[in-house]
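Remarks on the structure that follows.
When reading the values below, keep in mind they use all heavy atoms of this one structure, side chains included, and skip hydrogens, waters and symmetry mates.
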Protein chains: 2
Amino acid sequence: MYEELKYWYLRDHKLFRTLSYSQIKQLCIITGFKKASKGEIIYFSSSDVPRIFLLKKGNIKIVAIDDNGNETIKDIIQKGDLFGELTLETDNKVEEYAKVLSDDVAICSFLMSDFEDLLLRNPTLALSYTKFVGLKMKRIKNSYANLISKDAKTRLYQFLKDWAEQEGVQNGNTVVIENYLTQNDIAQIICTSRQTATQLLNEMETNNLLQYNRKEITITDITQL
Amino acid sequence: MYEELKYWYLRDHKLFRTLSYSQIKQLCIITGFKKASKGEIIYFSSSDVPRIFLLKKGNIKIVAIDDNGNETIKDIIQKGDLFGELTLETDNKVEEYAKVLSDDVAICSFLMSDFEDLLLRNPTLALSYTKFVGLKMKRIKNSYANLISKDAKTRLYQFLKDWAEQEGVQNGNTVVIENYLTQNDIAQIICTSRQTATQLLNEMETNNLLQYNRKEITITDITQL
DNA sequence: AGCAAAATGTCAGCTAATTTACACTTCGAT
DNA sequence: ATCGAAGTGTAAATTAGCTGACATTTTGCT
């Protein structure tokens, strides 16, 4: 069980440990570098040639618009994460874009075709990349399994635990998370209504499980969640 | 096992199409072969060394047991599909097994380590495999997205459409699917209760959208779903 | 052929969570 | 410093779908 969680929390920087500096440089030289600040929207799926992106700094959310014009959060991308067409399949019928959550972000990107060439020339990297995608898949599977079989409260607890593990600053059993999400964002991530999320968060606050404000979330005792 | 036989087992998988006959023969990676019949349970995750499996014939479901002893269907595997630890990550704490759904199945397997060696020696194959895993991930994402944002009826409709597309025999707008699933199986796949699934199927039958029986499902007009 | 087990059909509560609706608070821009 | 927009708080009405509790039908087995 704990082993599983460890896997799950192993964020994706892992891939780049297998890449040498020169390899990374090679990728980044080929491409551009982009900075953006809070609230900005970055379109990346429909645009020109297929690319793979690497978030160097900050946080963004990947948002999709469905047929009815509803926004749904597909993913939260953190510093060091790759995003874009990781499956190496060009398929641009989905309308997705990224929205900047933190004060500012830095994104570097490279061409998918270049990346494919690199993989062909470097089987070890291809293998690592496959494992990396597999890890991502495992993560997605886990989070969806949670969404489907658990109630809203359990989902919120699980989300907070994940978040704390990934980004929280721990001090004893107390964990402080920099809160760049609105309650609405959180609600969307755990797939519930904004109102339900608000209620649950307030309930947790009255039960002294955490303190919530727009800047940060302090989890009183992470072992209690 | 004879070389020719091994070749036959791999030949028509899209993954290995990039390889020539002689290359495939050289692989010699198939180390296991197994036949089983309806209802049989095949354990594959916990056992000895990590393997990757290829289903040559029939249908199976991958079932997991959670902490409370509840069965959940993780995947339906059809003829030609690979299954097992496709992510190449050994991770053996999940209690999973396969149950044979069709009258009989033929499964061949190879060692994950052999497969990794193979990928390292064949960059093109490694890239194909990476895309293959990516495609699988995309599918999973899509089906989960459906599960979460749609109601039970829509989920059932979507499931039937997918199933029809994958395995149905079309004649005009009428599609006949060989039905190797119970209503309970269907319910589990679309994540609802057996009763709800039954009700929905009967409702569809009275609305002349389909005819259901244990052997086959006939969708009157696939464009109506 | 006979019987137990599995699969299917049906229905009445029950409940979590969505929806609707509105008030209050905080933030950011001018 | 003000004002509109975004974010948060709260509550009643409504509902999809689960649970439990059966009856009925079909299947596989000896």
Side-chain angles (χ1 to χ4, degrees), chain A residues 37-41 61 63 68 70-73 99-104 146-159 179-207 210-217, chain B residues 37-41 61 63 66 68-73 99-104 146-159 179-207 210-217:
Chain A
S37 48
K38 193 165 187 169
E40 254 186 83
I41 287 175
K61 59 178 177 183
V63 179
N68 308 324
N70 299 320
E71 257 200 3
T72 44
I73 292 185
K99 193 165 183 185
V100 180
L101 293 171
S102 50
D103 285 339
D104 51 11
N146 252 318
L147 285 179
I148 288 165
S149 59
K150 307 288 166 55
D151 64 4
K153 189 183 214 163
T154 313
R155 263 143 48 200
L156 177 59
Y157 279 39
Q158 187 60 49
F159 166 72
N179 181 21
Y180 48 82
L181 298 173
T182 66
Q183 293 189 354
N184 194 38
D185 286 336
I186 294 173
Q188 282 187 59
I189 292 168
I190 63 170
C191 283
T192 188
S193 64
R194 197 221 85 223
Q195 291 89 325
T196 303
T198 301
Q199 266 183 323
L200 288 172
L201 282 170
N202 289 337
E203 184 190 306
M204 290 178 79
E205 194 144 23
T206 53
N207 291 341
L210 55 72
Q211 283 134 264
Y212 181 95
N213 70 52
R214 274 143 134 137
K215 291 283 177 215
E216 61 181 34
I217 298 175
Chain B
S37 49
K38 194 165 187 169
E40 254 185 84
I41 287 175
K61 60 178 177 184
V63 179
D66 71 4
N68 308 325
N70 299 319
E71 257 200 4
T72 44
I73 292 186
K99 192 166 183 183
V100 179
L101 293 170
S102 51
D103 285 340
D104 50 14
N146 251 316
L147 285 180
I148 287 163
S149 59
K150 308 289 166 52
D151 64 4
K153 190 184 214 161
T154 313
R155 262 141 51 195
L156 178 59
Y157 280 39
Q158 188 59 50
F159 166 72
N179 180 21
Y180 49 81
L181 297 174
T182 66
Q183 294 188 354
N184 193 37
D185 286 337
I186 294 173
Q188 283 188 58
I189 293 168
I190 63 170
C191 283
T192 188
S193 64
R194 199 220 82 223
Q195 292 90 323
T196 304
T198 302
Q199 265 182 325
L200 288 171
L201 282 170
N202 290 338
E203 185 190 305
M204 291 178 80
E205 193 144 24
T206 52
N207 291 342
L210 55 73
Q211 283 134 264
Y212 180 95
N213 69 51
R214 277 154 147 152
K215 290 281 177 218
E216 60 182 36
I217 298 175

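- Residue Lys99(B) contributes atom NZ, which lies 10 Å from atom C1' of dA6(C) at whole-angstrom precision.
- Lys153(A) places its NZ atom 13 Å from the C1' atom of dA17(C), with the value rounded to the nearest Å.
- The listed nucleotides are dT10(C), dT26(C), dT20(C); the one nearest the side chain of Arg214(A) is dT26(C).
- In this structure, Thr154(B) OG1 and Leu147(B) CG are separated by 11.5 Å, a value rounded to the nearest 0.5 Å.
- Annotation: the span from Thr72(B) atom OG1 to Lys61(B) atom NZ amounts to 10.5 Å, rounded to 0.5 Å.
- Contact annotation: side chain of Gln199(B) to base of dT8(C), donor-acceptor pair absent below 3.5 Å.
- What separates CG of Leu101(B) from P of dA6(C) is a distance of 16 Å, to the nearest Å.
- To the nearest 0.5 Å, atom CZ of residue Phe159(A) and atom OG1 of residue Thr192(A) are 13.0 Å apart.
- First and last contacts of DNA chain D with chain A, using any nucleotide atom under 4.0 Å from a protein heavy atom and ordered 5' to 3', fall at dG7(D) to dA11(D).
- In plain terms, the two heavy atoms of Tyr212(A) and Glu205(A) that are nearest each other are N-OE2, 3.1 Å.
- The distance from atom CD of Gln188(A) to atom C1' of dT18(C) is 15 Å, rounded to the nearest whole Å.
- Relative to the side chain of Ser193(A), the nucleotides dA7(C), dT19(C), dG9(C) differ in distance, and dT19(C) lies closest.
- Atom-to-atom, OH of Tyr212(B) to P of dG9(C) comes out at 7 Å; the value is rounded to the nearest Å.
- Using a distance-only test at 3.5 Å, with no hydrogens or angles considered, a donor-acceptor pair links the side chain of Arg155(B) to the main chain of Lys150(B).
- Residue order along DNA chain C, read from the 5' end via each residue's closest nucleotide, puts Leu201(B) first among Leu201(B) and Gln195(A).
- Rounded to the nearest 0.5 Å, atoms CD1 (Ile189(B)) and CD1 (Ile73(B)) are 4.5 Å apart.
- For the pair Asn184(B) CG and dA5(C) C1', the interatomic distance rounds to 14 Å; values are reported in whole Å.
- When the P atom of dA29(C) is taken as reference, atom NZ of Lys38(A) falls 11 Å away, rounded to whole Å.
- Atom CD1 in Ile186(A) sits 5.5 Å away from atom CG in Asn179(A) (nearest 0.5 Å).
- Going from atom CG of Asn213(A) over to atom P of dT25(C) covers 17 Å, rounded to whole Å.
- Take the nearest nucleotide of DNA chain C for Gln183(B) and for Lys215(A): the residue whose nucleotide is more 5' is Gln183(B).
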